[in-house]
K.L.:
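This is the structure, below, for whatever I ask next.
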Amino acid sequence: MNTMAAMAKNQFHKSIEDISDQELYYLLLDLIKDKSKGLATNHSKKKLYYVSAEFLIGKLLVNNLLNLGIYDQVEEELQAHGRSLTEVEQAEKEPSLGNGGLGRLASCFLDSIASLGMNGDGIGLNYHFGLFRQFFDNNQQTAKPDDWLGGRTWLNRTETTFTVPFKNGPVSSTLYEIDIIGFKRGERNRLRLFDLDTVNSDLIQWGTIQFDKKNIPENLTLFLYPDDSDHAGRMLRIYQQYFMVSNAAQLIIREALDRGSNLHDLADYAVIQINDTHPSFIIPELIRLLTEDHDFTFEEAVAVVRQVVAFTNHTILSEALEKWPLTDIEAVQPEIANIICRLDRMIKEDFPDNHAVEIIDGSNTVHMASIAIHFGFSTNGVARLHSQILVNSELKAFADIYPEKFSNKTNGITFRRWIMAANPRLAHLIDQSIGDQWHQGISDLSGLSKEKDNKEFINQLAQIKQANKERLAEHLRVSKRIEIKPDSIIDVQIKRIHEYKRQQMLALYIIYKYFDIKNGNRPQTPITILFGGKAAPAYTIAQDIIHLILTLSALIKEDPEVAPYLQVEFVSNYNVTEAEYLIPAADISEQISLASKEASGTGNMKFMLNGALTICTLDGANVEIAERVGEDNIYTFGKSSDEIIDLYANNAYNPQDYYNRPAIKPLVDFIVSSDMIRLGHESQLRRLYEDIKSKDYFMAMIDLEEYIALKDKVYQDYEDQEAWLDKVLVNISEAGYFSSDRTILEYNEGIWHLEVADPE
Ligand SMILES: *Cc1c(COP(=O)(O)O)cnc(C)c1O
């Protein structure tokens with residue numbers, strides 16, 4: 001590692017002691033890129049392409065050092081010069097290429113695929129300003145461009161370029177790559193991100209995320225999920241999707257040819273997993289390329305595609321199942337529209353009058369999931385409950401036709417990032433107890449249960465949690481100007497802001513608790529409730545929920561009767577970096593979505609692994625968590641998914657019935673109280689109040705009373721630390737199942753069938 005000192009001299013004419021964190025970061029970036037270049041890549045015959053509109057990869061410095069197996073060595077070397085990786089890491093900007101759980105899942109999967117030695121790359125787009133950077137101003141979210149590409153990054157520009165034939169003229173792409181280093185196996189895969197050289201940031205109205213939505217050559221990869229509340233915005237989404245999959249399909253075909261495929265045997269060389277419906281235009285695009293460029297008949301092309309594409313469904317929210325007007329697709333790429341029409345005719349012939357499975361409906365709208373299910377060979381859900389709901393109700397018409405295509409692959413998280421990098425103290429404690437087998441592969445942590453009566457071990461668990469709370473407090477103080485009490489109960493809800501996730505229900509609990517404390521019921525240990533999450537700028541109710549929480553936060557801060565016992569903070573710009581501070585410090589994990597609405601969740605798994613206890617509805621993967629830890633070690637409440645599905649089916653939820661209950665009405669009414677209006681914006685508070693009172697589409701009030709009672713019990717239970725820590729230990733010991741290595745092994749067994757190399 002003397003190389004580092006030499007590199008510092010060489011590049012900056014200074015010693016390691018004297019260079020800035022930024023310079024030191026660049027130096028390590030070069031060092032790692034260099035080492036990575038020397039790693040082998042898997043060249044087994046069949047290759048996986050994981051195509052996704054988002055990859056929420058997080059910072060890579062620490063992870064790459066861990067996966068290269070040189071973290072300790074580098075840290076020692078830096079320490080010898082009075083430097084540390086924790087500081088250097090501050091200089092790294094988090095790539096802004098993802099939005100939430102789906103993008104984070106894709107990133108955990110890439111880490112697992114590489115770490116298990118499989119041949120598989122990710123394919124996506126290189127968004128210059130990502131989703132957006134969230135700020136709070138006047139108790140409101142403001143969205144600014146996230147300039148994550150400023151400075152040097154992990155991206156490597158390649159010579160690879162393809163022509164994408166839009167109706168309005170061809171554009172040529174540029175391929176960038178980020179190395180994905182497998183954990184201690186001397187191998188790497190790649191994340192391959194396509195971009196357009198003509199993209200122009202001057203198109204953005206300064207300081208906003210507004211831009212000319214019609215100038216496709218200059219705007220195409222400016223933002224992830226650009227505003228689609230108008231027609232131009234929706235067209236841009238189609239342009240982005242087509243650009244992504246056309247590049248992906250051309251790359252996949254080129255690589256298969258290079259490896260000896262004649263393309264009729266493409267399924268022996270490639271499997272394409274599409275992450276939700278955003279990449280489903282890859283089906284008609286592959287057919288277009290095979291027929292136009294490779295002499296396939298239409299039927300031959302369809303037959304090949306049907307063996308190659310697999311689809312992961314991530315949602316049953318009907319508004320999230322993508323549909324596009326056929327005329328819009330025609331305007332972007334007429335040949336793709338033609339192919340879709342032809343596929344639609346095939347389906348209408350095979351399944352006459354089965355409207356539930358048609359591709360193009362009576363109003364000439366194209367259902368993307370239908371294309372993916374009919375013309376992919378596999379459809380999977382992401383947690384057991386979710387997959388059951390797909391087969392039994394949401395996609396029943398398809399499952400009846402193709403029962404063999406449907407399966408479940410319960411999500412997971414990579415333990416390299418979510419414990420080894422994010423919570424090294426806990427990782428070391430686990431190593432001391434059960435060794436380091438769990439770092440990779442089947443990550444069995446159940447051996448930890450032997451520590452149940454080991455006072456010393458339990459004591460260390462408690463100390464680690466405390467240290468992580470202090471680390472979080474310091475981080476929030478320095479980077480967000482928020483002061484929290486490190487010895488308070490840390491209760492956390494961090495995820496995208498959406499009505500179905502029910503941040504508004506926790507807000508109503510806060511109002512309850514505010515009253516309760518004012519009535520003299522003071523918590524023994526002070527409570528800190530932390531929120532984090534971005535709201536889509538065009539999603540009004542989500543904006544209003546943020547406003548409600550920020551206004552409540554301000555109200556409580558200025559109330560001397562309550563502030564010593566209860567603090568509410570909204571941590572701005574929630575991303576992977578923030579998650580890595582928040583999750584290891586949390587005592588309580590809030591997973592309170594309306595049952596049946598959260599497909600899986602992966603935040604829930606990260607918290608469990610890091611020793612937080614979960615308060616949750618029986619939704620998504622919470623069901624599987626509860627099953628593993630047992631009812632004594634988790635706090636579940638609320639209506640079941642069956643009950644909720646019935647209520648929707650019969651249109652039988654009446655919010656007024658709940659609003660008028662004596663325990664609920666004062667809480668909802670408080671949203672528009674004079675105290676709140678003094679600190680907030682009346683029109684916004686009133687809009688949310690009216691919505692909850694008379695619509696409450698995601699039924700925040702239906703579970704509210706049970707939730708309030710259970711939360712008070714959770715806080716009470718916290719006071720018995722011995723019993724609490726017993727539960728914490730059970731949660732950590734049972735978290736092994738939720739390793740994404742397990743998930744990826746299941747995808748491979750059931751769907752991909754890639755060769756798996758032995759380690760080393
Ligand atoms: C894990 C993660 C998510 C997903 O959280 P859910 O609670 O499962 O919705 C979203 N954003 C970030 C930054 C994450 O790390």
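Whatever order the structure lists ligands and atoms in, that order sets their numbers, starting from 1.
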K.L.:
Under 4.0 Å from any heavy atom of G601, which atoms of ligand 1 are there?
P.N.:
8 (O)
K.L.:
Which atoms of ligand 1 sit under 4.0 Å from any heavy atom of T602?
P.N.:
1 (C), 4 (C), 8 (O)
K.L.:
Are Y635 and D717 linked by a side-chain donor-acceptor pair shorter than 3.5 Å?
P.N.:
yes
K.L.:
Can you tell which of R104, K606, K495, E590 gets a heavy atom nearest to atom 15 (O) of ligand 1?
P.N.:
K606
K.L.:
Of the listed options (Y574, W418, F607), which comes nearest to atom 12 (C) of ligand 1 when hydrogens are ignored and any heavy atom counts?
P.N.:
Y574
K.L.:
Are a donor atom and an acceptor atom from the side chains of Q493 and K501 found within less than 3.5 Å of each other?
P.N.:
no
K.L.:
Step by step, would you call F223 with D146 a side-chain contact (heavy atoms from CB on, under 4.5 Å)?
P.N.:
CA-CA 9 Å; F223 291 102; D146 191 343; over 6 Å; no
K.L.:
For ligand 1, which atoms sit closer than 4.0 Å to a heavy atom of N575?
P.N.:
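Per the distance check, 13 (C).
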K.L.:
Should you measure from each heavy atom of G100, which atoms of ligand 1 turn up under 4.0 Å away?
P.N.:
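Checking each atom against G100, I get 10 (C).
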K.L.:
Checking Q241 against E322: is there a side-chain donor and acceptor pair closer than 3.5 Å?
P.N.:
yes
K.L.:
Just going by heavy-atom distances, which of G603, A621, S589, G620 is nearest to atom 5 (O) of ligand 1?
P.N.:
G603
K.L.:
Would you please indicate yes or no on a ring centroid separation below 6.0 angstrom for Y225 and H278?
P.N.:
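Yes - the distance between ring centres of H278 and Y225 falls below the 6.0 Å cut-off.
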K.L.:
Would K144 pass as a cation-pi partner of F135, given that its NZ or CZ must be under 6.0 Å from the six-membered ring centre and within 45 degrees of the axis?
P.N.:
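Judged by the rule (NZ or CZ under 6.0 Å from the ring centre, within 45° of its axis), K144 counts as positioned above F135.
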K.L.:
Cut-off 3.5 Å, side chains only: do Q273 and T312 have a donor facing an acceptor?
P.N.:
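Result is yes, a qualifying pair exists.
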K.L.:
Determine the interplanar angle of the Y715 and Y509 rings, folded into 0 to 90°, and report it as parallel if under 30°, tilted if 30 to 60°, perpendicular if over 60°.
P.N.:
tilted
K.L.:
With a 4.0 Å cut-off on heavy atoms, does K501 reach ligand 1?
P.N.:
yes
K.L.:
Counting from 1, what ligand 1 atoms have a heavy atom of V576 closer than 4.0 Å?
P.N.:
13 (C)
K.L.:
For L56, counting its heavy atoms only, list the atoms of ligand 1 lying under 4.0 Å from any of them.
P.N.:
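This gives 11 (N), 12 (C), 13 (C) as the contact atoms.
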K.L.:
Check each of A599, G101, G532 against atom 4 (C) of ligand 1 and report the one with the nearest heavy atom.
P.N.:
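It is G101 that holds the nearest heavy atom.
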